[in-house]
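Below: the structure, in structure tokens.
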Amino acid sequence: MTDPQPAAAGGPLDPASLEAAVAEALAALAAAADLTDLAAVRAAHVDGRSAALVLARQKLGSLPREDRADAGRRLNDALGAVRDAHATRLAELTAERDARVLVEERVDVTMPTRRRHAGARHPLAVLSERLVDTFVAMGYEVAEGPEVEHDWFNFEALNFYPDHPARSEHDTLFVEPAGTGRVLRTHTSPVQVRALLSRPLPVYVVAPGRTYRNDTVDATHSPVFGQLECLAVDEGITMADLRGTLEVFAAELFGTGLTTRLRPSYFPFTEPSAELDVQCFNCRGESARQPCRVCSDEGWIEAGGCGMVDPNVLRAAGIDATRYSGFAFGMGLERAAMMRHGVREIRDFVDGDVRFSLPFGIEG
Ligand code: DAH
């Protein structure tokens, strides 16, 4: 049995050694520049296996019994001082790190993002392309004309003579300076004339586009609106061809299995002229028995105007009207889209709010 060793001067538990160990630890803690440094200082001076105070504690058991209490108290005081200093430095360095992170990793939430929202295709563009595709599938070509049009194309060549009463129905917007004969086209029908003048016969064209009239905006009227025109001029074209083409069109617009009817009407550039009605896709013509919001209990939806091309129009384009005949059809895009999707406000089409467009889907 070995004798307990006296608390030899210079041993790790004597006051001077402890004081030195504490001083060294405090200096190292104060010098720790960041939390990584501090972790290393903690291992070396506070509670790591080789920390002077940890080693000193191991020696406690080997002191003579009478010395142990004093040494233990001194050791505890020393350890407490070092732990306190560590806790204080830890709090300081953590606060410093947090403050730095707040500055360095600051996000300016008001900055414009680089992310682009996918957006949505405009429902009128989608509908128009869909209808155009139907005609293209039947062999038609897409034709275009200017939105600022000449009176001759917009009216005269379409058999609206200068004092023709039907002109007044068109609420025309004239383009300055007066006297140049320029108007904002009131319909897509002038594209008929342009196509006949610029293309070899036979002509099968479909012409979607924007049109303008001096209408006051309300829930169903807009001074800017879209139309889709179709024209077929060939040898031997009859009203049966018109009828068959309209059946295909109606099925594409409102669904299959709906009856269509032609109601006698008048347009200067067609003879005979008719309005195309399609059986209401909602009540299927049953509105006599149950009220229908879509067709206002009519049982039918007006889908556009049509007719056999007036020989005067063919003649205006230099075409032999005894050899060639044709049919034409024109419709309003907004109206069709409103019917098809239950849109109540025509303004929604021009407001440009993507929340309106998104539910129509993004596919073409
Ligand atoms: N252009 C006419 C309008 O805007 C619509 C129209 C009617 C077009 C009959 C046609 C047609 O091609 O044959 O009121």
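Throughout, numbering of the chain's residues begins at 1 and tracks the sequence. Start at 1 and go down the list; that is how both ligands and their atoms are numbered.
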Determine, using ring centers only, whether Phe225 and Phe349 are less than 6.0 Å apart.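 No, the ring of Phe349 stays outside the 6.0 Å limit from the ring of Phe225, centre to centre.
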Quick check, are the ring centers of Phe155 and His164 under 6.0 angstrom apart? no
Look at atom CZ of Arg293 and say whether more than 12 heavy atoms of other residues, nucleotides or ligands are closer to it than 6.0 Å. no
Considering only heavy atoms from C-beta outward, does the side chain of Gln279 approach that of Arg261 to under 4.5 Å?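 They are not in contact (no side-chain heavy atoms under 4.5 Å apart), so the answer is no.
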Non-hydrogen atoms of Glu275 and Ser265 that approach each other most closely: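 The pair with the smallest heavy-atom distance is OE2-OG, 3.3 Å.
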Tell me whether Asp353 is salt-bridged to Arg355, with the criterion being a basic N under 4.0 Å from an acidic carboxylate O.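 Yes, Asp353 and Arg355 are salt-bridged.
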List, ordered by chain and residue number, the protein residues whose closest non-hydrogen atom lies under 4.0 Å from any atom of ligand 1.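 His187, Ser189, Gln192, Arg213, Gln227, Glu229, Phe267, Phe269, Thr270, Gly305, Cys306, Gly307, Ala328, Phe329, Gly330.
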